[in-house]
Amino acid sequence: MSTLLDGLNPNQREAVTTLEGPLLIVAGPGSGKTRVIVHRIAYLVREAGVSPYRICAVTFTNRAAREMLERLQRLLGAQAEHLTCGTFHAFCAGILRREGKAIGLASSFTIYDEEDQRAVLKRAVEEAGFDPKRYNLSTIHHAISGAKARLLGPEGYQAHAHTYLEQVIAQVYQRYQTLLTQSQAVDFDDLLLLTYQLFRDHPQVLHKYQERYLHLLIDEFQDTNPAQYALAKQVAGKWRNICVVGDPDQSIYSWRHADIRNILDFRKDFPDCKIVYLEENYRSTPPILQAAEGVISANTQRIAKRLVPVRTGGAPIVLHEAYNEDEEASWVAGEIERLVRSGVARYRHCVVLYRTHAQSRALEEAFLRHGIPYRVVGAIRFYRRREVKDLLAYLRLLVNPADTISLQRVVNTPPRGIGQKAQDALLRHAQTLGKAPAEVLLQEGEGIPLSGPPLSALRRFADLLRRLTPLAHSLDLVALMDIVLEETGYKEWLLAQEDGEARWENLVELRGLASEFKDLPPPQGLLTFLERVSLVSEQDELEGQQDVVTLLTLHQAKGLEFPVVFLVGLEEGVLPHYRSLDTPEEIEEERRLLYVGMTRAQERLYLLRAFRRHLAGGSQPTLPSRFLQDLPPQVVRGAPPAQARPTPPPTPSKAPPPPFKTGDRVRHARFGEGLVVAISPSGNEHEVTVQFDLAGVKRLLYPIAPLERVG
DNA sequence: GTACTACTGATTTTT
DNA sequence: TCAGTAGTAC
Ligand SMILES: Nc1ncnc2c1ncn2[C@@H]1O[C@H](COP(=O)(O)OP(=O)(O)OP(=O)(O)O)[C@@H](O)[C@H]1O
């Protein structure tokens, strides 16, 4: 009966059995946070008699959601199916599908991925009258995404736009949003923002969900953004049974606008909240935990937490310095071989973690040489492959003719003689009619200012669309895919391409994935499939069964645990990454990334660095990561720590004072231009506080940060 | 309109 | 080092 509480310590029990009111759980890695969420849900259902239908659990990744559901299925059986369990994005997508009408969004709306968003953005920049080459699309995209994460629509952003660049962005944002709306499409951030606005402006819709969700639970709360927190407050507004779980030291997504201040705000917004601390670590051996503590305690912007290992004994951390990345990889491969041969571990117990995907290459080569089975959770995601996106674009277009980006993608793929000029004519014509281009084609297609071969090519394409569109509503998904591939000539064309066979295989695989949805009634199967494809990424498919070594980025490793962990590339420029060296905040986040990586390990932890590494062309000498200095020597075996602490980065003993003063305008390679607010000496450097036009206030170390005076 | 070549420019992390 | 693009030739 109370087996649910048996495997829990007193604090965990308290967190599981405190059912009423707001609850904040703050705890370090391996302290059982996720376990508490799972058991709390099971307890709510089994002991408190709460209907699973009335519980909503939010996770950080789809994979985490699936794992949580699997664990709950074991505890609750079939009842678990009625739980709502997913990421904020998936949760919002579902709400918008059902309730979007209220804000003018058709239930067949399309979710644009990064690439699609960029295409829209480029067009928005042009249409707003700016030269897309003069503005960095990534900067603008990041700014718009940041605005949305802070719940600012175009008008709201405009109101805060002071500098010229911000004004430009405000106009582009406005245009970008119009284009999305016209295409009945949303980007990732819109999923959150639009749901928030829907709830805000349509109380009757909000009430429905407020009433339903008696309990809301949020995992990895330290990596939520303001929009997500606002949504959580809306949904929990009626019952106020909101339970959030997080660890500020594991916050590693601030670049995606996550904000740890949500934890502080939670205490302010719910002053009656109960706070539970979990202070026992069940995962790692004491040396691993001690080493990780050593690293994280060097962060200044942090509140120390107690974290006591439950386990005893344990091997010391192994530090290894290799000559270059190839030898680093070989060493890892050799060590894994040794562990497996001696029966200490199996392949599937080992994981190799790195800062960037590019680092996986040397490892893969070494594993191939050594005949070690492995799996990389890659950067080139399956669903982003050209041929996969082409087919998906055809499918999207059939359910959402307003989707102009998809139309542009497929209208001349395979080549049909509809070039840039014909496409422009169609787009312009549609614009004057106030309709979507594909709708113009579907309806009559007359009046397009074209003649001759381009016009007949366009007419043939219109016929194709007219033939295929009704099939989306009558055929099952797999049959539909087959017909589309045949009728569009895509299959034939693809197979005639250079690497056509291999790319065709990807479509066969996609078809296999789609078969899961083939039994849903016609348009539903397609809609569900398209949504899944937009929200699910490859690492969500991480299956634990096969006996292979796993290769992951540090970000992907969040929330996982492995008996044996190898962390490679512990060098200045790699970890901390050279693109994250400019502000103390960025460097602290890099340090947290290392902390997250180290605390994945249960039994054995290896830290590696290479003396030389391939960067931008040639092989270059490296310096050991500054974070290695903070490893307590008594828990480390391997290269003497003294070696790991030559002078911190390339700082000459006395740096020159900055050639600017408070009030001057300066330029930074990444943050753009801004105003110097303060300068103060800091060690050998000067800490310069700059109010950037776009990037906000940053503290930078001159001359480490590339700042130059302008004007 | 299409296909190829030569050049440029920029290099993190992802729901 | 390489990928994406702009420009050119057919
Ligand atoms: N009371 C307990 N008794 C035994 N094992 C426990 C207990 N609590 C947690 N564990 C184990 O500790 C490990 C870590 O738990 P869990 O993944 O829930 O921690 P977490 O706090 O979510 O970690 P992280 O923040 O690093 O993701 C798991 O293997 C879990 O089974």
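Each chain gets a letter, A, B and so on, in the order the sequences are listed, and its residues count up from 1.
- Each of Gln423(A) and Thr87(A) lies near DNA chain B, and the nucleotide nearest Gln423(A) is the one positioned closer to the 5' end.
- In terms of phosphate contacts, Thr356(A) brings no side-chain nitrogen or oxygen within less than 4.0 Å of OP1 or OP2 of dT11(B).
- Atoms CD (Glu115(A)) and P (dT14(B)) sit 17 Å apart, rounded to a whole Å.
- The side chain of His357(A) contributes an N or O atom lying less than 4.0 Å from OP1 or OP2 of dT14(B).
- In this structure, Leu194(A) places its CG atom 20 Å from P of dT15(B), rounding to the nearest Å.
- Relative to the side chain of Tyr253(A), the nucleotides dT15(B), dT12(B), dT14(B) differ in distance, and dT14(B) lies closest.
- Going from atom CZ of Arg591(A) over to atom P of dT12(B) covers 23 Å, rounded to whole Å.
- Summarising the geometry, the separation between CG on Leu96(A) and C1' on dT15(B) is reported as 15 Å, rounded to the nearest angstrom.
- Along DNA chain B, the nucleotide closest to Ala422(A) and the one closest to Leu593(A) are compared, and the more 5′ of them pairs with Ala422(A).
- Heavy atoms of Phe60(A) sit under 4.0 angstrom from primed sugar atoms or phosphate atoms, though from no base atom.
- Here the separation of dA6(C) from dT11(B), taken at their P atoms, is 16 Å to the nearest Å.
- Look at NE2 on His555(A): it is 13 Å from C1' on dT15(B), rounded to the nearest Å.
- With no hydrogens or angles considered, a side-chain donor-acceptor pair links Asp187(A) and Tyr176(A) at under 3.5 Å.
- For Glu327(A), there are no salt bridge (Lys or Arg N to Asp or Glu O under 4.0 Å) partners, not counting sequence neighbours.
- Partners of Arg355(A) by salt bridge (Lys or Arg N to Asp or Glu O under 4.0 Å), not counting sequence neighbours, listed by chain and number: Glu590(A).
- Of all nucleotides listed (dT11(B), dT15(B), dT13(B)), dT11(B) comes nearest to the side chain of Arg579(A).
- Counting only distance, with no hydrogens or angles, the side chain of Asp463(A) and the backbone of Arg460(A) share no donor-acceptor pair below 3.5 Å.
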Short heteroatom pairs, N/O only, protein and nucleotides 2-4 of chain B, under 3.5 Å:
residue	atom	partner	partner atom	Å
dT2(B)	OP1	Gly417(A)	N	2.9
dT2(B)	OP2	Asn412(A)	ND2	2.9

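- Going from atom CD of Glu220(A) over to atom P of dT14(B) covers 15 Å, rounded to whole Å.
- The nucleotide whose nearest atom lies closest to any side-chain atom of Trp255(A) is, among dT13(B), dT1(C), dT12(B), dT13(B).
- For Tyr578(A), counting side-chain heavy atoms from C-beta on, the closest listed nucleotide (dT13(B), dT15(B), dT11(B)) is dT11(B).
- By the salt bridge (Lys or Arg N to Asp or Glu O under 4.0 Å) test, Lys33(A) pairs with no residue at all, sequence neighbours left out.
- When the P atom is used for both dT13(B) and dG4(C), the distance is 15 Å, rounded to whole Å.
- A donor atom on one side chain and an acceptor atom on the other are found under 3.5 Å apart for Arg118(A) and Ser138(A).
- Distance, Arg256(A) CZ to dT12(B) C1': 13 Å, rounded to whole Å.
- Residues forming a side-chain hydrogen bond (donor to acceptor under 3.5 Å, both in side chains) with Tyr253(A) (at least two apart in sequence, or on another chain): none.
- A close approach under 4.0 Å does occur between a side-chain nitrogen or oxygen of Gln556(A) and OP1 or OP2 of dT14(B).
- With sequence neighbours excluded, the residues satisfying side-chain hydrogen bond (donor to acceptor under 3.5 Å, both in side chains) with Arg98(A) are Tyr209(A).
- In this entry the distance linking CD of Glu590(A) with C1' of dT12(B) reads 8 Å, nearest Å.
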